[in-house]
Amino acid sequence: MPHSLWANLPRPVICLAPMDGYTDSAFRRTCKTVNRNIVVFTEFVSADGLHHKAKKLQEKLRFHNQEHPIIAQIFGKNAESYITAAKYCETLGFDGIDINMGCPSKKVVKSEHGVALRKKPDLAYRLIESISTATKLPISVKTRLGWDSADDLITFGKGVENAGAQLITVHGRTYKQGFSDHADFNPLYALKRELTIPVIGNGDIADMSDGMKKLGNLDGFMIGRASIGNPWVFAKLHPANFSDKIALILKHAELLWQLKGEKVAMLEIRKHLLAYVKGLPNASEYRSKLVQVTSINEIHGILKALE
Ligand SMILES: Cc1cc2nc3c(=O)[nH]c(=O)nc-3n(C[C@H](O)[C@H](O)[C@H](O)COP(=O)(O)O)c2cc1C
């Protein structure tokens, strides 16, 4: 994929958000089955961990050929680590590298990663510069409106652009808001007016038509939580009923089994299964069974009973 990935993608660019614990290769491929044009991001992976060749983190970056265009998301605050991580991502065949400057989790912020970089914009820009010169891959940044307001979003966006980033994704909430209130897209529209690089909007997008409504002057939108248990969020047409969903749910389970082996897959699929059946009138009586599944056959049986 050429350096100009972001400039060349058809508009609107539609992305599956990076979500730690959810958007592994199996889930990304499940979403790609529904809409092969979406851009997918890996779960965030520590640059320091990759620098130290941590096997577990290297495994987290595994992906399948069908996932292109696929972006590796990395977090960290150390340029040397980012450079090793970027070079590693390049050898794996990723189409881009996204730098996490938005994660609000306590552990991440305490160690001055994620959204904490918004408190140190000069470091943030230096990191982008170092990575951009070390790799041919396009660098993007994912962030929030700001620490406690959107006041410095445009300054930050310009800094990111000048440092060499080729795209910025903004979740329309501040760090302080966490996941409370509603995502506000107005500061994103204002940001887009000031930047040359593409801007992707993120936060509370319920489905494709909601994304189109909120798109405004932006280059695309990114969907996170609404895809959990609902990869069809990326489809133009939704399955009419639950039985039409079963084949893809089973495919998800099989992909996970291929990726992580039976034991881990059967543990990890459970939270997805609960999300898949959420809202079904008879789901509650099957929930306790779904959180104990140990085989694909068993999953099949329960889903059939839920039809
Ligand atoms: C379980 C979970 C894990 C997440 N992990 C990441 C992550 O690894 N990297 C990241 O940039 N954002 C992460 N996010 C934030 C999402 O990418 C997204 O910005 C946020 O959920 C808002 O979008 P939504 O309203 O469409 O879910 C995560 C969110 C959730 C709910």
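Whatever order the structure lists them in is the order used to number ligands and atoms, beginning at 1.
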Give the residue, atom name and distance (to 0.1 Å) of the protein heavy atom nearest [atom].
| atom | result |
| --- | --- |
| atom 9 (N) of ligand 1 | Gln73 OE1, 2.8 Å |
| atom 7 (C) of ligand 1 | Pro18 O, 3.5 Å |
| atom 26 (O) of ligand 1 | Gly224 N, 2.8 Å |
| atom 31 (C) of ligand 1 | Arg225 CG, 3.6 Å |
| atom 5 (N) of ligand 1 | Asp20 N, 2.8 Å |
| atom 30 (C) of ligand 1 | Met19 CG, 4.0 Å |

- Query: Taking N or O atoms only and a 3.5 Å limit, does Asn202 qualify as a polar contact for ligand 1?
  - Reply: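 Min N/O separation from ligand 1 is below 3.5 Å for Asn202.
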- Message: With a cutoff of 4.0 Å, is Phe75 in contact with ligand 1, counting heavy atoms of the residue only?
- Response: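 Distance cut 4.0 Å: Phe75 fails for ligand 1.
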- Message: Looking at ligand 1, would Gly203 count as a contact under a 4.0 Å heavy-atom criterion?
- Response: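 Flag set, Gly203 near ligand 1.
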- Message: When you measure from the centre of the six-membered ring of Tyr22, is the NZ or CZ of Lys271 closer than 6.0 Å and no more than 45° off the axis?
- Response: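 Yes, cation above the ring, under 6.0 Å and within 45°.
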- Query: Is the NZ or CZ atom of Arg28 positioned over Phe234's six-membered ring, under 6.0 angstrom from the centre and within 45° of the axis?
  - Reply: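 The answer is no, since Arg28 fails at least one limit relative to Phe234.
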- Message: Once side chain to side chain donor-acceptor pair (under 3.5 Å) is applied, do any residues pair with Lys213, and if so which ones, sequence neighbours excluded?
- Response: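 Lys213: no side chain to side chain donor-acceptor pair (under 3.5 Å) contacts found.
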- Query: So, the side chain of Glu67 versus the backbone of His64: is there a donor-acceptor pair under 3.5 Å, distance only?
  - Reply: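 The answer is yes, because a donor-acceptor pair under 3.5 Å joins these two groups.
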- Evaluate whether atom NZ of Lys289 has more than 12 neighbouring non-hydrogen atoms of other residues, nucleotides or ligands under 6.0 angstrom away.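 No, NZ of Lys289 has 12 or fewer neighbouring heavy atoms, counting only those of other groups under 6.0 Å.
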- Given His171, Met222, Lys142, which has its nearest heavy atom closest to atom 15 (C) of ligand 1?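 Looking at heavy atoms only, Lys142 sits closest to atom 15 (C) of ligand 1.
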